[in-house]
Amino acid sequence: MLRSHTCGQLRASHVDQEVTLCGWVDTARDHGGTLFIDLRDRYGKTQVVFAPEAGQAVLDESRKLRSEDVVRVTGKVAHRPEGTTNLKLGTGEIELRVKKLELLNKCQNAPFFPTAMEQPGEDLRLTYRYLDLRRPEMQQVLKLRSDIIIEMRNYFAENNFIDVETPILGRSTPEGARDYLVPSRVHNGLFYALPQSPQLYKQILMVAGYDRYVQVARCFRDEDLRADRQPEFTQLDLEMSFVTHEDVINIIDGLMQRMAKKFLNLDLKLPLPRMSWDEAMERFGHDAPDLRYGCELIDCTDIAATVDFRVFRETADAGKKVRGICAPGGAAFYSRKLIDELTEFVKQFEAKGLAWFRVEPDGKLWSPVSKNFTEEQLAKFKERVQAKPGDIIFFVADTWAVSCKALHNLRKKIGVDLKLYDPKSMNFSWIVEFPMFEFDKEENRWNSMHHPFTAPRPQDVPMLDSDPGKARAVAYDLVINGSEAGGGTIRIHDQATQSKVFGLLGIDAETAKNRFGFLLDALQMGAPPHGGIALGIDRIVMLFGNLDSIREVIAFPKTQKATDLMTGAPNLVETKQLRELGIKIAETATKT
Ligand code: ASP
């Protein structure tokens, strides 16, 4: 090594030792004749002193040092002078008094300095990611990510799982997103698809008798990117044989308990709470509710059916829903202007409007539309949503689906606006028994809610024929703080049920044979009952690190437009490469 210690290592016990450190110049301060620099590496910072005793030559060289230069310094460890120790820093009791300075590399033209007080915009951070990754915060996060993955791997190894790698160049898999395709040079005109997940391979591994499989797997989905999506992301992927959903959930419960203790010093009580999808949608309007606070959706359709207020009554008469949410203490917070903003906000989610009622100090409800209601009716609404003086109640009158979407988002906003929870707190739970299918109006057929290999609950199998929309799946999602942290299912392990589900999804026998023939064959050659789950590692690190974006936990993330600003990917390639692949770019291709 070019160094004897790291920049985070030296303590009072090292005083009088001669040491060599290497690192980046963090800051430099010239105190008339003596220069102080903070030398930084990923382990910490050490105060390095260039005093006259080092000799004029070293002193002259030291004056040329600038932030982010890379240096090697040799000298003696000394106590810091009385009154100048810094207890916030591990190395705060000592300093290094330099005898020898070696400039290993100059930093030229840095567009920003990683430890500057103000962070540059995200585009600049991603373009010069190596500077950004020098920031101690980024280094801590990537270390947390590494520690989390090590912990996961250890846990699964201790529980008898085998780590198996599955192909990146494969066949299109069925998670329902668009595939990334890779053209074949050897077989012009044919394509590999990058895996949306190792789903089919892991099921095949169960048929092959591997019993407990795990992998930290990269997955690729060519979707329009939302805030916490990336075109490539990492899953902790696992599959188990001869299990029920209880076994899979238990294994993940155990992992969460261990990780919460280790990384958050939090004692999780097991089993983690579970809620059915039906209940989650009824109470929160969403399948990944944030359970750190209440403020639930309350169905008031029956009361709405009795009132003169047209919007309410007609909605109820049409078999739609009038659901409300009570924002505790919100009457003072939500001014008319803010309520107008909330009304615009819910329109994004297709709601036509937002009715609101303030609970006055005397306990009566007041609203611009209150004259359309009798006192008794108002009292009934108030009682139903359990509102108290100072609260404000919002109602959405619409289809069940729109009321779910609009009120879920409204609930999230109210939670933040009224600070209804501690943003540092953590909540873990399961949502179970999802519907097997959702109806796709455009395509006029069913879509799987998870993926086509999900098993129905045994008691719901007859519904596949009679009422597929009612059939519930043996499916489970892990939800942390209102974020889907993972999801899995028990799989169909017999060919007949699998073919029936394909039929409902509009995949005819021919297409099924073409796309998944190998799986259907395998299911007929001794497939054990099996099931599994995948956890989103990026999202879990984000949640455990209390961060807002998964780009903060990925070393080299893509932008919202799926580009890599540092390397410039995606990029044009040589005509020769295209020729080898038998590909010609269409005239109409949009050039950027
Ligand atoms: N393959 C699924 C996914 O990526 C997870 C699973 O069912 O195990 O969402």
Side-chain angles (χ1 to χ4, degrees), residues 152 156 161 163-168 170-180 193-207 210-223 226 228-241 243-252 255 277 287-288 430-438 447-457 472-480 483-493 498 501 505 515-516 519 523 527-540 550:
M152 288 173 162
F156 287 105
F161 282 72
D163 193 320
V164 184
E165 288 164 85
T166 52
I168 294 291
R171 253 195 105 103
S172 174
T173 51
E175 308 301 343
R178 197 179 290 114
D179 288 320
Y180 273 101
L194 303 184
Q196 291 186 29
S197 84
Q199 184 61 36
L200 296 178
Y201 290 109
K202 68 175 173 176
Q203 291 193 236
I204 298 279
L205 284 169
M206 295 305 107
V207 181
Y210 282 76
D211 190 55
R212 290 182 162 211
Y213 140 94
V214 70
Q215 180 182 196
V216 174
R218 194 66 66 82
C219 306
F220 306 84
R221 297 181 194 178
D222 188 2
E223 294 175 300
R226 284 188 258 138
D228 59 352
R229 290 268 162 89
Q230 282 278 304
E232 51 180 308
F233 57 94
T234 312
Q235 281 187 349
L236 188 260
D237 192 47
L238 63 97
E239 195 75 8
M240 303 164 77
S241 288
V243 290
T244 67
H245 62 286
E246 295 288 345
D247 302 292
V248 183
I249 289 179
N250 282 343
I251 262 288
I252 300 299
L255 175 68
W277 182 90
D287 58 8
W430 290 97
I431 304 297
V432 298
E433 294 171 359
F434 285 68
M436 279 289 284
F437 310 103
E438 16 183 27
N447 270 335
S448 345
M449 197 107 165
H450 271 83
H451 50 62
F453 312 106
T454 299
R457 292 191 307 186
R472 293 294 182 256
V474 194
Y476 30 83
D477 273 10
L478 176 69
V479 177
I480 307 178
S483 215
E484 181 196 330
T489 65
I490 293 299
R491 327 298 182 188
I492 298 167
H493 71 280
Q498 188 64 72
V501 168
L505 298 172
R515 284 186 65 191
F516 313 118
L519 179 76
L523 290 183
H530 60 286
I533 190 168
L535 304 184
I537 289 187
D538 308 298
R539 222 176 270 185
I540 285 182
I550 62 168

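Atoms within a ligand are numbered from 1 in the order they appear, just like the ligands themselves.
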Between Glu223 and Arg178, is there a side-chain N and carboxylate O pair less than 4.0 Å apart?
no
Between Arg218 and Glu232, is there a salt bridge with N-O shorter than 4.0 Å?
yes
Contact residues of ligand 1, where a non-hydrogen atom lies under 4.0 Å away:
Glu175, Ser197, Gln199, Lys202, Arg221, Gln235, His451, Gly487, Gly488, Arg491, Gly532, Ile533, Ala534
Can you check salt bridge (Lys or Arg N to Asp or Glu O under 4.0 Å) on Glu239 and Arg212, steps first, answer last?
CA-CA 6 Å; Glu239 195 75 8; Arg212 290 182 162 211; over 6 Å; no
Using a 6.0 Å cut-off, check whether atom OH of Tyr180 has over 12 heavy atoms from anything other than its own residue.
yes
Kindly give the heavy-atom pair with the smallest separation between Asp179 and Leu194, and that separation in Å.
OD1-O, 4.3 Å
Ring centroid separation for Phe434 and Tyr476, is it under 6.0 angstrom?
no
